[in-house]
**Student:** 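If you scroll down you'll find the structure; I have some questions about it.
Every number for a ligand or one of its atoms is a count from 1 in the order of the listing.
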Amino acid sequence: MYDMGNYENTAINFIRDYTEFSMHLPDGPISKKAPQYKLEKILQQGIPAKGRPLDDVVEELCRDIMPYGNHNNHPRFFGFIPSTASPISWLGDIITTAYNRHAGSADNQPAIWCVEQELIRWLNNRVGFPEKAGGIFVSGGSMANLTAMTIARDNLLEESDWSRGTAYLSDQTHSSVEKGLKVIGIGSSRIRKIPTDDLFRMDTQALRRAVKEDVENGFMPFLTIATAGTTNTGSVDPLSKIRDICNEYGMWMHVDGAFGASVVLSENYSDMLAGIETADSLSWDAHKWLFQTVGCSMVLVRDQKYMLNSFSVHPEYLKDLEKDGSSINPWDLGIELTRPARCIKLWLTLQVMGCHAISENIEHGIRLAECAEKKLRENSTIEIVSPAQFGIVNFRYAPVGMSERQRNMLNSKISEKILKDGYAGVFTTELNGKKVLRMCIIHPETTLDELKETIELIDRCFTESLEEVGGLWRKIS
Ligand SMILES: Cc1ncc(COP(=O)(O)O)c(C=O)c1O
């Protein structure tokens, strides 16, 4: 039935060609623009009645589809949370998909389940969670947050009280949290956005006030979402103080560490996450700062029994796979049934690299961002809007005499020009109403020289943009 010709050779050739492509990635630009006619051709291609030769289709994929777009894994791609995926991880991905195991059941895949459990045990231990803690691999931070918040709701609120439950997050919390809250029935009228301080960390006095007020008004505060490594600025909310408030009001404390939790594996900086061990649950993306390809993330929970309370199921068609009646299956701990063995690539990476190299690679990003901040501070036209935290620095050009509106236009233009140049990827975000340039410098292969060249490029783009924004401004004002 599957007459695909000599697919082994095709696969081997692909691996060889891709390795070559990825080795030379840093020599080229950070993105490749897809010509419009190629996009249109794909949209009109359809599916042939009679199949085409495998080699031809693979060649077409690798020529006309896959190479286009942003190279998020490029060492000079500093936008969003860039990918840091190592070649070991993609090899793990190939192995995982080659075997194509259904990793939803312990009985079905006992050895893979051991790998997952052992990794979860090790990660929980590094976080400082107790022995009874549990966890599961999921596809990403959004799913990890959704899973944890479902557990919080189910374990703290009676179903009849769901409509009174309120949840607390900060004005810097990732949008996936609000999305997840809506999915579990906590709409925007019961989501409280707490303001942040000058380092973009949750203001705990404002949190306490909001919780108290809600209690007085008959609501049932049940969940606070703290962040360890915010998306905009890499800030860590005051975890211990938030824990105290949660204890006082009997609330669940979820920590969104999708980006920053990896810092617990750093030998020199893990104390920046003090208090994370007091969380009830934690999201941790391995595809952000743990060198994995997408999608690989973990949700860890202080006590596994809370996961079972939410997700344990025993339908008749799965009974053959739970013969001893007491075994726990992955499907009892999370939302998915059929799922890939996402743990395998992380296992392979950690076994091959070892803890010390993992720590060094994480710390490289923290230090490079500190170097970037230092260099940027030498320029008196630059304002550091948020200092280097967890590999992220935010800044803007703020020439004297320019209005705030002009400055916003100027910094947007600078980013556009950098992206057009293609040497580096520096995008914008907004902080306190200011358009700022944001660099997330966590790729372990980014060099100090590349960082310096990027800062010089940014400055050249500033000079060019200044005249354009000045001219445009004169025209419209
Ligand atoms: C702090 C934080 N939480 C959650 C997410 C969502 O993660 P994912 O994109 O893997 O769903 C992100 C993504 O950048 C993030 O930075």
**Student:** Tell me whether Glu277 is salt-bridged to Arg126, with the criterion being a basic N under 4.0 Å from an acidic carboxylate O.
**Tutor:** no
**Student:** Relative to atom 6 (C) of ligand 1, which among His174, His287, Lys179, Met143 owns the nearest non-hydrogen atom?
**Tutor:** His174
**Student:** Please identify which atoms of ligand 1 are closer than 4.0 Å to at least one heavy atom of Ser142.
**Tutor:** 6 (C), 7 (O), 8 (P), 11 (O)
**Student:** So, Arg76 and Glu453, do they make that salt bridge, N to O below 4.0 Å?
**Tutor:**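 So Arg76 does not pair with Glu453 through a salt bridge.
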**Student:** Do any nitrogen or oxygen atoms of Thr227 come within less than 3.5 Å of a nitrogen or oxygen of ligand 1?
**Tutor:**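 By distance alone, the answer is no.
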**Student:** Can you tell me the protein heavy atom closest to atom 3 (N) of ligand 1 and the distance?
**Tutor:**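 Nearest neighbour among protein heavy atoms for atom 3 (N) of ligand 1, to 0.1 Å: Asp256 OD2, 2.6 Å.
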**Student:** Enumerate the atoms of ligand 1 whose separation from the nearest heavy atom of Ala258 is less than 4.0 angstrom.
**Tutor:** 2 (C), 3 (N), 4 (C)
**Student:** Does Asp280 pair with Arg243 as a salt bridge, N-O distance under 4.0 Å?
**Tutor:**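 Yes, charged N to carboxylate O under 4.0 Å.
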**Student:** Would you please say whether a donor-acceptor pair under 3.5 Å links the side chains of Asn125 and Arg121?
**Tutor:** no
**Student:** In this structure, does ligand 1 have an atom that sits under 4.0 Å from one of the heavy atoms of Ser176?
**Tutor:**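 Within the 4.0 Å threshold, so yes.
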**Student:** Please list the nearest protein heavy atom to atom 14 (O) of ligand 1 with its residue and the distance rounded to 0.1 Å.
**Tutor:** Lys288 CE, 3.1 Å
**Student:** Check Asp285 against ligand 1 and report side chain, backbone, both or neither, counting heavy atoms closer than 4.0 Å.
**Tutor:**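 Side chain only; the backbone of Asp285 stays clear of ligand 1.
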**Student:** Please find out if less than 6.0 Å separates the ring center of Trp331 from that of Phe311.
**Tutor:**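 No, they do not, as the ring centres are separated by 6.0 Å or more.
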**Student:** Evaluate the side-chain hydrogen bond (donor to acceptor under 3.5 Å, both in side chains) criterion for residues Thr227 and Asp256: first the C-alpha distance (whole Å), next the side-chain angles of each, then the deciding distance (0.1 Å), finally the verdict.
**Tutor:** CA-CA 5 Å; Thr227 306; Asp256 179 0; 4.9 Å; no
**Student:** Using the six-membered ring of Phe78, assess whether NZ or CZ of Arg438 lies under 6.0 Å from its centre and within 45 degrees of the ring axis.
**Tutor:** no
**Student:** What protein heavy atom sits nearest atom 8 (P) of ligand 1, and how far away is it?
**Tutor:** Gly141 N, 3.4 Å
**Student:** Just which atoms of ligand 1 are under 4.0 Å from any heavy atom in Thr231?
**Tutor:** 1 (C), 2 (C), 15 (C), 16 (O)
